[in-house]
Number of protein chains: 2
Amino acid sequence: MSNLATIANLIGDPSRAAMLQALLPGEALTAGELARVAGIGAAATSAQVKALVESGLVSVHAQGRHRYHRLAGEEVASALETLMALPQVSPRKSWPHGDAFRQARLCWHHVAGRIGVALHERLTGDGWIAAAPGGWAATGSGEARLEKLGVDLAAARRAPRFACDCMDWSERRPHLSGGLGREITSMMTRRLWLTRIEPLATDLLQRRRLACTPEGARALSAEFGIAA
Amino acid sequence: MSNLATIANLIGDPSRAAMLQALLPGEALTAGELARVAGIGAAATSAQVKALVESGLVSVHAQGRHRYHRLAGEEVASALETLMALPQVSPRKSWPHGDAFRQARLCWHHVAGRIGVALHERLTGDGWIAAAPGGWAATGSGEARLEKLGVDLAAARRAPRFACDCMDWSERRPHLSGGLGREITSMMTRRLWLTRIEPLATDLLQRRRLACTPEGARALSAEFGIAA
DNA sequence: CGGACGTTTCGGCGCCCACCGAAGCCCGGC
DNA sequence: GCCGGGCTTCGGTGGGCGCCGAAACGTCCG
């Protein structure tokens with residue numbers, strides 16, 4: 001079986017797809033949490049998770065009697081988002097998690113949703129970052145402005161990739177990924193521009209939700225010209 | 001079932017995956033050709049193709065007693081390539097179609113493979129194109145150089161997207177997609193820098209192969225600094 | 001008009017695989 | 001040491017779905 005079919009088959013099972021979506025924000029989840037997300041028993045979960053790990057899509061870290069699972073890398077998260085951004089099949093329905101979900105959420109460790117793509121647009125359009133082989137590099141003026149905002153550029157540069165695009169499945173436009181995406185997100189949450197929405201019920205996907213604080217809205221408007 | 005699982009499930013079937021891979025170069029294939037690629041009968045093919053069309057991944061154009069199928073859009077081709085570029089599963093084998101396959105081939109209508117990613121790297125690294133919202137734009141000097149080479153920029157601009165990245169599954173690095181990618185490819189084949197390798201046997205995938213002519217190798221080196 | 005060919009529909013078969021319950025394993029805590 | 005909880009392995013079951021052959025449909029051609 002070709003590589004394409006093998007991988008797509010892994011993602012294509014409803015239970016496994018639910019688990020992968022739950023892992024999209026980049027957090028590590030235990031087998032039990034994955035079981036609840038997928039709505040199946042422990043035995044079935046074990047088999048499915050094993051398949052995901054052996055395929056290399058998911059990596060596992062044993063700690064005590066828990067086993068923590070996370071996506072194997074940012075490319076995996078990016079590929080999943082790309083798939084989700086493909087034309088919706090048949091009768092196009094509303095977004096599965098409501099419109100609030102689209103404003104801002106975490107993808108791997110960077111901001112996605114409307115704010116994510118707006119940020120990408122401003123950073124590239126206003127000359128904060130410029131094209132570089134394999135992604136983006138900070139411009140001279142961009143570096144100064146980013147540091148002034150409290151973004152740790154040195155930490156961003158230690159990532160495998162400094163900055164690159166990740167296709168946003170709800171907006172169908174790219175948002176910023178890579179070390180810079182992570183550090184900007186870190187800055188925004190540290191300064192309380194964005195805050196996490198804690199999961200209400202068993203829906204772990206809600207963990208991805210971010211809310212924009214009033215202060216964050218002002219700051220995004222002032223610093224980037226983004227209406228949140 | 002979530003959108004992710006639905007789409008991945010469609011791609012995940014070996015027969016459908018083989019068809020989609022055969023459609024990657026962007027050509028339209030009849031149901032009979034797709035049947036041969038997938039190695040299944042006409043009846044099964046009809047059902048599988050129907051699923052692909054109804055999902056929106058593939059579009060169909062009836063002409064006489066033939067029905068021509070093609071990928072619904074460049075995003076679909078891009079998503080497929082992204083999936084194929086994910087970490088190979090289990091015992092890593094050699095490339096399915098030999099190493100020659102990696103030098104150059106068509107992805108949708110643009111050049112992929114080693115030459116494709118090298119071209120991407122030079123165009124972005126040497127200032128032919130620069131970052132723009134949603135992709136790339138030609139720089140002033142880039143425009144002049146491209147036109148001098150015989151690239152039809154006006155035609156490239158009429159495409160939905162002028163230039164953007166497409167992840168290359170064999171090289172794991174981006175190559176150039178969008179109208180500009182198509183027009184550069186058109187120029188290269190028109191000037192016989194690259195030529196098509198016609199399929200030897202029933203393997204329609206081989207249709208994607210491109211070969212670099214001696215003249216093409218000289219031109220790539222002189223114009224872009226690419227060793228082919 | 002009839003035959004050939006490409007394609008679709010129908011009916012039926014068979015296999016794969018995702019699921020569960022029960023038992024076993026490993027770790028941490030009392 | 002013994003229990004409890006998280007996780008895995010094993011055996012068995014069932015449903016979904018991908019396949020085929022046969023028949024029907026539509027189109028082109030002689």
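Note: hydrogens, waters and symmetry copies are ignored here, and every other heavy atom, side chains too, is used. To find a chain, count down the sequence lines: A is the first, B the second, and so on, and within it residues start at 1.
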Could you give the CD-to-C1' distance, from B:Glu54 to C:dT9, as a whole number of Å?
14 Å
Of the non-hydrogen atoms in B:Arg190 and B:Gly150, which two are nearest, and what is the gap between them?
NH2-O, 2.8 Å
Nearest whole Å is fine: how far is C:dC16 C1' from A:Leu10 CG?
15 Å
Specify the closest pair of heavy atoms between B:Leu4 and A:Ala17, including all atoms of both residues, with the distance to one decimal.
CD2-O, 4.0 Å
Give the nucleotide from the list C:dT8, D:dC19, C:dC19 with an atom nearest to the side chain of A:Ser15.
C:dC19
Within this structure, what is the NZ-to-C1' distance between B:Lys50 and D:dC17, rounded to whole angstrom?
14 Å
Heavy-atom closest pair, residues B:Ser55 and B:Leu52:
OG-O, 2.7 Å
Using a 4.0 Å heavy-atom cut-off across all strands, classify A:Ala31 as base, sugar-phosphate, or nothing.
sugar-phosphate
Ranking B:Ile40 and B:Gly64 by the position along DNA chain D of their nearest nucleotide, the one closer to 5' is B:Ile40
Return the orientation label for the B:His120 and B:Trp136 ring planes: parallel under 30°, perpendicular over 60°, tilted otherwise.
perpendicular
Could you check B:His66 against A:Thr45 and say which one's nearest nucleotide on DNA chain C is further toward the 5' end?
B:His66
When you measure from the side-chain N and O atoms of B:Gln48 to the phosphate of D:dC17, is any distance below 4.0 Å, counting only OP1 and OP2?
no
Which whole-number value in Å describes the distance from A:Asp13 CG to C:dC16 C1'?
13 Å
Any idea which heavy atoms bring A:Thr185 and A:His110 closest together, and the distance?
OG1-CA, 3.3 Å
Of all the nucleotides listed (D:dT9, D:dC7, C:dT9), which has the minimum atom distance to the side chain of A:Ala43?
D:dT9
Should B:Arg16 be listed as having a side-chain N or O under 4.0 Å from OP1 or OP2 of D:dG18?
yes
How close or far is atom P of D:dC29 from atom CZ of B:Arg65, stated in whole angstroms?
7 Å
Interatomic distance, A:Leu34 CG vs C:dC19 P [rounded to whole Å]
13 Å
Which nucleotide, D:dG18, C:dA4, C:dC20, lies nearest any side-chain atom of A:Ala44?
C:dC20
On the side chain of A:Arg67, is there an atom forming a donor-acceptor pair with the base of D:dC7 - under 3.5 Å, no angle test?
no
Between D:dG6 (P) and A:His61 (NE2): distance, integer Å:
18 Å
